[in-house]
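Have a look at the structure below, then the notes.
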Amino acid sequence: MRKQASDAIALFGEDKEKLTAPARAIRAYYYFILMDNFGAAPLITGPVDAVPARSSRTEICRFIEAELLAVKDLLPTTVSIATYGKATKYMAEALLAKLYLNWAVYTATDVANYNPSAQNEKLNDVVAMCDQIISSGQFNLTSHKFMAKFRPDNGYQVKDFIFAIPYDREKQQGMTYSRFWIHRSAQNQFATLPQSVGGTFRVLPSYLEKFNLAGDERNASYIGGKQYYWSNYTEDKTRPFLIRTSKRGIDQDYNAADADAQFDWQLETTKEITLRSDGAATLNVGNDQKGRSMGYRSIKFYMDVAVTSANQRNQSNDVPVFRYADILLMKAEAILRGATATNGQTAQSLVNQIRAYVNAPVLTAAPSLQDVLDERAREFADESWRRNDLIRYGKFEDNWGFRSLYPAGMSEKFRRIFPVPTTVLNLNTHWQQNPGY
């Protein structure tokens, strides 16, 4: 996509600013993805005859800023079906806010040297970009209930979405989230799905604990306990989900005489995830119902029950990249980190806008930075911002999940970016692997 954007810019010509602005904004977004994940990247803005060198992460960061500042006022300000999934002024401002909030991360001398207490010179710019979006009046939190925003029929009508990736099970494929969350034995639990499932994703108990606010609609993002059939996004308590199995099927180590006797067993998902004796090497929970049922499962991007075998597991749920909720929480965080509050808004009032629309208890005192991080966990689960947040907060190396199985990982700060794939290095032989890998 970065190359396609550059090709479009070359086709129209650099002097056609109004025509090239959307392509430049999309190219900046893809450079953001490259920089955030891999650090240094080749900075290509025109034709090249040879394999370019990689520019530093800081250079890429400053390039993204310059590009977005140059084009944002040339981009559409209309928010409609015609601009949905495309670069708008608000998409550029949201990306700038995200860039500025992580400015100290991206401009550190190297990834391992970033310190979460480092001064961020761009905090007031975070607030300025957020204020531009807020004052536009184009977005709100309340057009849809929380879970309804992520269903297969979502789209431009969701006023929380500033920029989203549209998917369609037939015409624009690539969205297969639910396949990896659905329990291996439960692909028919919600509706008859003509697809096999992976069932490998489970939420960590420590993360699940954050969904603990009374009345919070986001608590419905994960399901567990005894399972029942679903209809129209609602659990039907009159229809328990039963699996024909045996005691050995539930526990592969059960060897009594009645091990293989068949019976109906109600699927029950547990919060805890316990590894088998060889789990330290393989993260193995066991090839039985007990193992498959460990860990609650996400239904945030609810499966598309209209999928057919011809659709090859592809769903129609659009995936938001930038949401109005993120704008409010980024502004709140920037204020807590030292930015000047504006428009009578405080970190507390901004977080309470989020709390109010999901029917969670509002804050009665100013939030801490940890409070905002926890709010982000609840609001943006499954939306691919958690790694970005944890690095900014200096918590990426903490002992969460199964990191204690690999103790060195808690001190290996070079893992804040990914290694360059071997296939890429084989094509670009003068490039060096990222340090530490």
Side-chain angles (χ1 to χ4, degrees), residues 28 32 35-36 39 56-66 68-69 72 90 92-136 139 141 162 210 322-356 362-380 385-398 413 416-417:
F32 175 84
M35 173 198 67
D36 185 66
S56 71
R57 198 184 209 192
T58 298
E59 290 174 310
I60 299 294
C61 175
R62 295 188 184 280
F63 169 77
I64 295 168
E65 179 194 30
L68 293 173
L69 290 175
K72 73 180 185 70
Y90 311 112
E93 289 169 341
L95 179 51
L96 277 167
K98 188 71 69 174
L99 184 78
Y100 289 146
L101 191 60
N102 291 279
W103 191 264
V105 178
Y106 300 143
T107 59
T109 53
D110 64 56
V111 294
N113 283 343
Y114 167 70
N115 188 316
S117 63
Q119 182 64 35
N120 183 346
E121 64 188 272
K122 297 288 189 175
L123 290 176
N124 284 328
D125 295 298
V126 177
V127 171
M129 291 301 110
C130 292
D131 281 347
Q132 289 291 315
I133 294 169
I134 294 169
S135 64
S136 75
F139 307 96
L141 300 173
I162 296 171
K210 299 182 186 303
F322 301 122
R323 291 171 47 206
Y324 187 63
D326 202 354
I327 298 306
L328 299 180
L329 288 178
M330 284 196 289
K331 181 175 179 179
E333 183 179 333
I335 292 171
L336 287 175
R337 292 185 183 276
T340 302
T342 59
N343 302 327
Q345 294 174 323
T346 64
Q348 182 178 343
S349 70
L350 290 160
V351 172
N352 277 342
Q353 288 188 56
I354 304 291
R355 292 284 187 94
V362 296
L363 297 172
T364 57
S368 65
L369 280 171
Q370 182 62 49
D371 291 332
V372 172
L373 180 61
D374 289 345
E375 202 68 38
R376 293 188 64 82
R378 288 183 282 266
E379 186 68 25
F380 305 115
W385 287 117
R386 188 62 174 171
R387 168 186 159 273
N388 181 283
D389 291 342
L390 290 178
I391 291 171
R392 181 174 69 256
Y393 271 77
K395 294 181 177 294
F396 187 66
E397 292 81 28
D398 286 0
K413 295 181 179 180
R416 292 170 175 172
I417 57 173

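We count residues from 1, following the sequence as given. Since we're looking at a predicted model, the values are computed, not measured.
- You'll find the side chain of Tyr100 stays beyond 4.5 Å of the side chain of Met330, heavy atoms only.
- The aromatic rings of Phe32 and Tyr106 stand perpendicular to each other, their planes meeting at an angle above 60°, with 30° marking the opposite boundary.
- Smallest separation of non-hydrogen atoms from Leu101 and Asn120: O-ND2, 3.3 Å.
- Considering all non-hydrogen atoms of both residues, Leu336 and Pro367 come closest at CD2-O, 3.4 Å.
- With sequence neighbours left out, the side chain to side chain contact (heavy atoms under 4.5 Å, CB included) criterion links Lys413 to Ala112, Glu397, Arg416.
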Exercise for the section: Go through the steps to decide whether Ile335 and Thr346 satisfy the test side-chain contact (heavy atoms from CB on, under 4.5 Å), and finish with yes or no. Expected result: CA-CA 7 Å; Ile335 292 171; Thr346 64; 5.9 Å; no
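- Nearest approach of Glu65 to Lys122, heavy atoms of both residues: OE2-NZ, 2.9 Å.
- Nearest approach of Ala94 to Ile162, heavy atoms of both residues: CB-CG2, 4.4 Å.
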Exercise for the section: Any chance you could lay out the side-chain contact (heavy atoms from CB on, under 4.5 Å) test for Leu328 and Leu141, step after step, and finish with the verdict? Expected result: CA-CA 10 Å; Leu328 299 180; Leu141 300 173; 3.8 Å; yes
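- At least one side-chain heavy atom of Leu373 sits less than 4.5 Å from a side-chain heavy atom of Asp389.
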Problem - Audit row: Arg57, Val111, side-chain contact (heavy atoms from CB on, under 4.5 Å) steps and yes/no - result: CA-CA 9 Å; Arg57 198 184 209 192; Val111 294; 3.4 Å; yes
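- Atoms CD1 and CZ, from Ile133 and Phe322 in turn, are 9.0 Å apart once rounded to the nearest 0.5 Å.
- Shown here for Ala377 and Lys210, the closest heavy-atom pair between the two residues is CB-CD, 3.6 Å.
- Formation of a donor-acceptor pair under 3.5 Å by the Tyr114 side chain with backbone atoms of Arg392 is found in this model.
- In this structure, Phe139 and Tyr90 have perpendicular ring planes: the angle between them is above 60°, well past the 30° mark.
- Residues Glu93 and Met129 come closest through the heavy atom pair O-CB, 3.5 Å.
- Looking at residues two or more places apart in sequence or on another chain, you find a side chain to side chain contact (heavy atoms under 4.5 Å, CB included) between Asn352 and Gln348, Arg355, Val362, Leu363.
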Practice task
Could you walk me through whether Thr58 and Arg62 pass side-chain contact (heavy atoms from CB on, under 4.5 Å), step by step?
Solution key: CA-CA 6 Å; Thr58 298; Arg62 295 188 184 280; 3.7 Å; yes
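- Using a 4.5 Å heavy-atom cutoff, the side chains of Thr340 and Val127 are not in contact.
- Using a 3.5 Å distance cut-off with no hydrogens or angles, the side chains of Tyr393 and Gln370 do not pair a donor with an acceptor.
- Qualifying side chain to side chain contact (heavy atoms under 4.5 Å, CB included) partners for Glu121, counting only residues two or more places apart in sequence or in other chains: Trp103.
- Not one N or O on the side chain of Arg387 forms a donor-acceptor pair closer than 3.5 Å with the backbone of Ile417.
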